[in-house]
Amino acid sequence: TVQNTRQYFAYCAEKKGTGNEQAKQCRLPYETLSQSWRKVKPGNSGDRSHSFKKQWYRFSDPAGSQMLTAPSTYEGYNNICSHDRAGWMNRAHPGGGEEPVRGRICFASHDFGDDCKWSVEIQVVACQEEDGSTFYLYELPPTPQCSLVYCAQ
C-alpha cells in the first residue's frame with residue numbers, strides 16, 4: 001500500500017536551447033513511494049504490501065530517488081531488493097524536457113538464469129524541482145508476481 005496518500009505536483013525540466021518546452025506529465029498528480037524498504041541496500045527488509053495500481057509514481061528518500069538500470073547485485077530471498085526480486089529498467093533514464101518515453105521493467109531469476117524472466121511496460125519522464133534538481137516519474141503497473149517489487153537507489 002502506498003503509505004503517503006498526498007498528491008504532489010512538480011516543475012518540469014526544460015529542453016536545453018528552447019527554454020519553454022516542458023513535459024506535461026510533470027505538472028500532473030503523482031504518488032510518492034518513500035518506504036525505506038524500497039531502497040536497494042544489503043539486508044533491507046520490511047512490510048511490502050502490494051496494493052499497487054497503474055499510475056504515476058515518484059521515488060523519494062528514504063526509498064531512494066530512481067529505479068535501477070541494471071539487475072540488483074544483492075543476493076538472498078530475505079533481501080527485498082535482491083537480484084531475484086527488484087525490478088530494473090532496461091533503458092537509460094530520459095533527459096529533461098522530453099515527453100514520457102516507453103521502457104520495460106525486468107525482473108530477474110537466478111533459477112532460470114535470466115535477467116529478464118518477467119517484465120512489464122512502463123513510461124518514465126524526467127522532471128525538475130524549483131531548485132533545478134532532476135527527479136523521475138514512472139508510470140508503473142502492478143508487478144507480474146507478488147514476490148517482485150519496485151526498488152530504487
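Values below: every heavy atom of this structure, side chains too, minus hydrogens, waters and symmetry copies.
- Partners of Phe59 according to the ring-ring contact (aromatic ring centres under 6.0 Å, His included) rule, which considers only residues two or more places apart in sequence or in another chain, are Tyr138.
- The shortest heavy-atom contact between Gln145 and Thr143 is O-OG1, 2.8 Å.
- Cys26 contributes atom SG, which lies 8.0 Å from atom CD of Glu99 (distance to the nearest 0.5 angstrom).
- Remark: Lys39 NZ to Cys151 SG distance equals 11.0 Å, nearest 0.5 Å.
- Residues that satisfy the side chain to side chain donor-acceptor pair (under 3.5 Å) test with Asp61, not counting sequence neighbours, are absent from this structure.
- Closest non-hydrogen pair, Ala152 versus Ala63, comes out as CB-O, 3.4 Å.
- Qualifying side chain to side chain contact (heavy atoms under 4.5 Å, CB included) partners for Ser65, counting only residues two or more places apart in sequence or in other chains: none.
- For the atom pair CG (Leu28) and CG (Leu137), the distance works out to 9.0 Å, reported to the nearest 0.5 Å.
- A donor-acceptor pair under 3.5 Å is absent between the side-chain atoms of Trp88 and the main chain of Ala108, judged by distance alone.
- Of all heavy-atom pairs spanning Trp56 and Pro29, the tightest one is CB-O, 4.4 Å.
- The shortest non-hydrogen separation linking Ser34 to Pro62 is O-CD, 3.0 Å.
- Residues that satisfy the side chain to side chain donor-acceptor pair (under 3.5 Å) test with Glu139, not counting sequence neighbours, are Gln123.
- With sequence neighbours left out, Arg104 forms a salt bridge (Lys or Arg N to Asp or Glu O under 4.0 Å) with Glu121.
- By the side chain to side chain contact (heavy atoms under 4.5 Å, CB included) test, Pro141 is found to be paired with Lys54, Val120, Ile122, Tyr150, residues two or more places apart in sequence or in another chain being considered.
- In this structure, OG in Ser147 is found 9.5 Å from CZ in Phe107, a value given to the nearest 0.5 Å.
- Proximity of Phe135 to Glu129: side-chain heavy atoms (C-beta onward) are separated by under 4.5 Å at one or more points.
- Rounded to the nearest 0.5 angstrom, Leu33 CG and Arg58 CZ are separated by 11.0 Å.
- Of the inter-residue distances, the one linking Arg91 atom CZ with Ile105 atom CD1 reads 10.5 Å to the nearest 0.5 angstrom.
- Within the 4.5 Å cutoff, the side chain of Val124 has no heavy atoms near those of the Met67 side chain.
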